[in-house]
Protein chains: 2
Amino acid sequence: MAKALNIDPSTVSRALNDKPGVRPELRRKIKEKAEELGYIVSFQARSLKTKKTMTIGIILSDIKNPFFLDFLDGVEKTLFPRKYKILLATSNENIQKEKTYLTWFMEHGVQGIIIAPTCTKSGKNNLSFFRQIKKNGIPIVFYDRKLESGSLEFDSVTINNYEAIVSAVKYLVVEMGHKKLGLCLTEPLVYTLRERFRGFIDGCKMFNAKYDKKWIITLTKDEKENMKKLKVLFKESGPTAVITTNHLITQYILKATREFNKKIPKDISLIAFDDNIENQIYDPPLTTIKQPVLSLGKNAATIIIGRLDGEDYPPQNIVLNSELVIRNSVKKLKNKK
Amino acid sequence: MAKALNIDPSTVSRALNDKPGVRPELRRKIKEKAEELGYIVSFQARSLKTKKTMTIGIILSDIKNPFFLDFLDGVEKTLFPRKYKILLATSNENIQKEKTYLTWFMEHGVQGIIIAPTCTKSGKNNLSFFRQIKKNGIPIVFYDRKLESGSLEFDSVTINNYEAIVSAVKYLVVEMGHKKLGLCLTEPLVYTLRERFRGFIDGCKMFNAKYDKKWIITLTKDEKENMKKLKVLFKESGPTAVITTNHLITQYILKATREFNKKIPKDISLIAFDDNIENQIYDPPLTTIKQPVLSLGKNAATIIIGRLDGEDYPPQNIVLNSELVIRNSVKKLKNKK
DNA sequence: TTGAAAGCGCTAACAG
DNA sequence: CTGTTAGCGCTTTCAA
């Protein structure tokens with residue numbers, strides 16, 4: 001670079017990085033010249049020496065979920081002022097792809113990784129690779145989901161999925177008089193969904209609601225198949241209320257409702273996961289379980305930054321609270337036994 | 001690294017990178033050892049030599065717009081097989097922040113930049129900086145928007161915004177008998193919106209529709225203010241149909257409709273920009289202008305890859321076609337003169 | 001206060 | 001086929 005100034009690179013480095021030991025006048029001159037030449041340091045070169053790339057790797061599990069927009073927003077807001085940059089990846093719920101990206105992240109020297117870890121249908125995940133990464137000194141934060149077996153080893157930020165569904169069930173049963181409940185999930189059954197599932201089962205037991213195996217529906221990417229599966233919800237003998245567990249499922253249910261010419265909440269009541277603006281605007285406005293998504297992102301990024309600043313305490317498992325936002329998609333049933 | 005094998009690093013490099021000139025047996029041994037040790041190359045070091053970081057910088061203009069999910073999906077799908085990684089940034093429609101990220105991208109040695117360039121209210125943009133970047137040999141692709149003054153210098157992928165609105169106007173006027181039209185925009189008035197605005201004005205002239213300055217509404221982040229502004233749409237003397245120009249605006253209109261206790265399309269007809277699933281599911285399903293967003297992302301990434309592969313032709317300005325998807329949010333008016 | 005020298009981990013050119 | 005050498009652009013001792 002500005003060896004056009006006929007001085008040693010080390011001096012330039014000191015000047016530009018505001019390190020002590022440069023005559024103010026010279027420093028000014030160097031900075032001016034740098035500006036003039038449009039000089040830009042090479043992080044490649046710098047980080048080779050300093051081991052700091054100032055990048056954080058983020059892995060989404062499914063880039064199509066609007067959940068991630070708010071999440072990324074939270075992460076970016078936190079990272080930007082600290083000058084950390086985001087290397088973005090998506091696993092598409094595929095552990096092989098996840099591993100590929102993790103490897104790439106390591107190759108690129110990310111200083112931390114924020115990830116919603118996926119798993120296979122049979123429950124396999126990349127735990128051993130996460131361990132290896134951690135052993136290499138790269139902090140990892142799980143968000144949205146975590147690996148149960150890794151709770152004591154890794155930081156995580158999740159929401160109270162279990163309690164969220166339990167209180168949704170409680171609301172349906174105790175306050176609104178529903179007795180027959182359904183639940184919709186997707187595969188793979190990652191941590192988050194397992195927790196929600198558990199909350200549903202336990203909630204039903206706690207409050208004496210009835211659920212049928214058939215009313216717990218697992219949707220796939222096959223839309224036709226899904227519509228067929230959803231039919232059961234609208235049968236005379238079907239559930240009177242249904243809970244969804246993510247954005248896409250909610251859309252499917254709404255679509256099915258329309259297709260089968262049913263109305264919410266007249267024909268079926270609905271509690272939707274995620275408080276997207278569409279859910280608020282829908283007719284009728286949907287009762288939702290609102291996750292603090294932005295906060296999730298901010299917390300995940302904050303933990304990483306803390307670790308990079310050398311904070312050294314045992315793994316944190318932060319659990320944020322969700323909130324039941326009551327609108328008009330649940331009908332009040334008379335308690336005719 | 002595997003100087004644990006007691007051989008020279010250059011040999012290791014050759015072996016691992018499948019370069020010719022290594023005894024198969026030795027190569028195998030090296031690869032095995034690398035696997036065993038969990039060896040991971042350093043791109044920092046490699047790229048210092050090769051000048052290839054295998055990263056592409058992507059700048060979004062507003063991370064909250066679901067438009068970008070599909071876009072990113074398209075980009076990622078194209079980049080992943082080529083092993084290019086995504087460095088993600090968002091300008092939040094702030095040219096200063098945009099410039100900061102551009103600088104960071106250069107520091108990190110991105111090999112290409114894909115950006116929806118923003119501008120100030122008064123129309124200022126980072127053109128001169130884009131020029132400087134290009135002069136440094138980094139290809140830039142504008143997507144969604146472009147800088148008119150830079151069309152001959154830079155690659156771009158946009159949609160036919162002007163024609164899209166013209167045909168929406170045509171549909172409203174010629175097919176559905178509307179005579180009084182409104183339009184909703186946001187600031188800053190970037191290229192895309194200017195084009196849509198132009199399409200609206202020209203369309204109204206072409207098909208003899210009436211529009212009033214008051215019916216062209218520019219929304220801000222102040223929600224209360226927005227609601228006030230939107231009132232005019234629902235006046236007796238107001239427009240009979242309105243066209244929105246992005247996702248968020250559509251939500252505002254739907255919200256306003258609900259708040260003012262009006263119905264679509266009975267009280268006002270609506271054509272919404274972007275064919276999000278929510279718009280399809282809404283009651284009534286909305287007539288929309290559908291952008292090929294995924295394709296936008298794929299095209300942008302494809303151009304960048306082409307440039308990196310050394311393709312050297314004049315700047316391309318790809319224009320993709322949008323499509324008017326007709327549903328039930330526009331009422332057919334009788335042609336009583 | 002500045003320069004000289006070494007080295008971060010890798011690859012490429014040249015020898016052997 | 002393999003090792004030696006040099007150097008990518010920067011930062012960090014150590015000397016001057």
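Lettering of chains follows the sequences in order, A, B, ..., and the numbering in each one begins at 1.
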Taking only side-chain nitrogens and oxygens of [X], does any of them come within less than 4.0 Å of OP1 or OP2 of [N]?
X	N	answer
B/S13	C/dT11	yes
B/K19	C/dA12	yes
A/Y39	D/dC10	yes
A/K52	D/dT11	no

Determine whether [X] and [Y] make a side-chain contact, defined as any pair of heavy atoms from C-beta on separated by less than 4.5 Å.
X	Y	result
B/L102	B/F130	yes
A/E93	A/T120	no
B/E98	B/Y101	no
B/I114	B/I59	no

Find the distance [X]:[atom1] to [N]:[atom2] and express it as a whole number of Å.
X	N	atom1	atom2	value
B/N17	C/dG9	CG	P	17 Å
B/Q44	C/dC10	CD	P	11 Å
B/K49	D/dA6	NZ	P	12 Å
A/M106	C/dC10	CE	C1'	17 Å
A/L48	D/dC8	CG	P	13 Å
B/K51	D/dC10	NZ	C1'	11 Å
B/R28	D/dC1	CZ	P	15 Å
A/R46	C/dG9	CZ	P	18 Å

Steps toward ring pair (Phe, Tyr, Trp, His ring centres under 6.0 Å) verdict (B/W104, A/F80):
CA-CA 11 Å; B/W104 288 358; A/F80 180 74; 5.3 Å; yes
Here the side chain to side chain donor-acceptor pair (under 3.5 Å) pairs for residues 128-137 of chain A, sequence neighbours left out, are A/R131-A/E153
Using a cut-off of under 3.5 Å, enumerate the N/O to N/O pairs linking the protein to nucleotides 2-5 of chain C.
{"residue": "C/dT2", "atom": "OP1", "partner": "A/R23", "partner atom": "NE", "Å": "2.6"}
{"residue": "C/dT2", "atom": "OP1", "partner": "A/R23", "partner atom": "NH2", "Å": "2.4"}
{"residue": "C/dT2", "atom": "OP2", "partner": "A/R23", "partner atom": "N", "Å": "2.6"}
{"residue": "C/dG3", "atom": "OP2", "partner": "A/D8", "partner atom": "N", "Å": "3.4"}
{"residue": "C/dG3", "atom": "OP2", "partner": "A/T11", "partner atom": "OG1", "Å": "2.9"}
{"residue": "C/dG3", "atom": "N7", "partner": "A/R14", "partner atom": "NH2", "Å": "3.0"}
{"residue": "C/dG3", "atom": "O6", "partner": "A/R14", "partner atom": "NH1", "Å": "3.3"}
{"residue": "C/dA4", "atom": "N6", "partner": "A/S10", "partner atom": "OG", "Å": "3.3"}

Under 3.5 Å, is there a donor on one side chain and an acceptor on the other for A/T158 and A/S156?
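Judged by distance alone, the side chains do not pair up.
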